[in-house]
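Just the heavy atoms: all of them, side chains too, but no hydrogens, waters or symmetry mates, feed the values below.
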Amino acid sequence: MARLIKVAELADLTPGHGKLVQVDGEDVALFNVNGTYCAIGAVCPHEEGPLHEGEIDGETIICPWHGFDFHVKTGECSVDPDLRAKTYIVKTEGNDVCIEVT
């Protein structure tokens with residue numbers, strides 16, 4: 001059964017910037033993409049760079065270490081189709097930003 005874990009408040013997330021949060025012991029990069037909240041694994045699957053510190057370009061996060069980019073909703077990488085970042089379902093409840101965990 002799925003449960004929601006509060007990881008932030010709406011005011012914590014500036015559009016175009018990432019925030020590192022913890023979900024059941026995992027580092028997760030949380031983003032506000034023009035009012036849509038998205039979450040992916042915070043560690044780049046290429047060389048373990050910090051995705052939460054990357055630059056947002058539309059719906060893509062660009063890893064600050066080597067420039068590999070990942071779609072924040074699907075986790076797909078345009079540089080290497082064999083790489084994929086884990087994605088999470090994000091929901092808002094009032095002022096809370098929550099990540100769904102199964």
Side-chain angles (χ1 to χ4, degrees):
M1 181 171 163
R3 62 190 167 96
L4 293 177
I5 298 176
K6 178 183 174 183
V7 293
E9 293 186 0
L10 294 175
D12 296 336
L13 297 167
T14 306
H17 293 90
K19 177 177 178 67
L20 180 65
V21 298
Q22 288 272 318
V23 177
D24 281 353
E26 291 184 43
D27 287 340
V28 176
L30 183 63
F31 300 98
N32 175 345
V33 181
N34 298 319
T36 299
Y37 300 93
C38 304
I40 63 173
V43 178
C44 178
H46 170 244
E47 290 282 336
E48 300 183 0
L51 290 179
H52 67 282
E53 294 178 6
E55 179 182 335
I56 291 282
D57 181 14
E59 293 184 339
T60 301
I61 182 67
I62 301 168
C63 182
W65 284 10
H66 300 109
F68 279 58
D69 59 347
F70 299 88
H71 192 280
V72 294
K73 292 181 181 177
T74 66
E76 294 174 336
C77 178
S78 70
V79 177
D80 183 346
D82 291 333
L83 293 179
R84 180 180 294 267
K86 181 178 179 179
T87 58
Y88 298 83
I89 295 171
V90 179
K91 296 186 177 181
T92 57
E93 293 187 336
N95 289 322
D96 296 340
V97 179
C98 303
I99 292 181
E100 187 175 289
V101 178
T102 55

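- With contacts defined as side-chain heavy-atom distances shorter than 4.5 Å, the pair D80/H46 does not qualify.
- H52 NE2 to C63 SG: the interatomic distance, rounded to the nearest 0.5 Å, is 10.5 Å.
- If you chain together hydrophobic residues whose side chains sit under 4.5 Å apart, V97 and L4 never meet in one group.
- Other residues, nucleotides and ligands contribute only 12 or fewer heavy atoms inside 6.0 Å of the CD atom of E48.
- When all heavy atoms are compared, the tightest approach of A8 to L30 is CB-CD2, 3.9 Å.
- Nearest heavy atom pair, residue T14 against residue N32, reads O-CB, 4.0 Å.
- Of all heavy-atom pairs between C38 and V90, the closest is C-CG2, 3.8 Å.
- The same ILVMFWY cluster, assembled from side-chain heavy atoms under 4.5 Å apart, contains both V28 and L13.
- Here the closest non-hydrogen pair linking G75 and F70 is O-CD2, 3.5 Å.
- Distance check: K19 NZ to E53 CD gives 13.0 Å after rounding to the nearest 0.5 Å.
- Side-chain atoms of R84 come within 3.5 Å of backbone atoms of T74 as a donor-acceptor pair (strictly under, hydrogens ignored).
- Cluster annotation: I56 is not connected to W65 through the hydrophobic network of ILVMFWY side chains, with a link wherever side-chain heavy atoms come within less than 4.5 Å.
- Taking 4.5 Å as the limit, some side-chain heavy atom of D27 sits within range of a side-chain heavy atom of L20.
- D96 is listed as a side-chain neighbour of E9, based on a closest heavy-atom distance under 4.5 Å.
- Atom CG of D69 sits about 5.5 Å away from atom SG of C77, to the nearest 0.5 Å.
- When all heavy atoms are compared, the tightest approach of C98 to E93 is SG-OE1, 4.4 Å.
- Between I40 and H71 the shortest heavy-atom distance is CG2-O, 4.4 Å.
- V7 and V33 sit in two unconnected hydrophobic clusters of ILVMFWY residues. Membership requires side-chain heavy atoms under 4.5 Å apart, directly or through other members.
- To the nearest 0.5 angstrom, I99 atom CD1 is 13.0 Å from K6 atom NZ.
- In D12, the CG atom is crowded: over 12 heavy atoms of neighbouring residues, nucleotides or ligands sit closer than 6.0 Å.
- How far CZ of F68 is from CG of L83: 6.0 Å, rounded to the nearest 0.5 Å.
- Contact annotation: the side chain of Y37 approaches that of L10 to within less than 4.5 Å [non-hydrogen atoms, C-beta and beyond].
- Between K73 and E76, no side-chain nitrogen of the basic residue sits less than 4.0 Å from a carboxylate oxygen of the acidic one, so the salt-bridge criterion is not met.
- At a threshold of 4.5 Å between side-chain heavy atoms, the hydrophobic network of Ile, Leu, Val, Met, Phe, Trp and Tyr places I62 and V72 in two separate groups.
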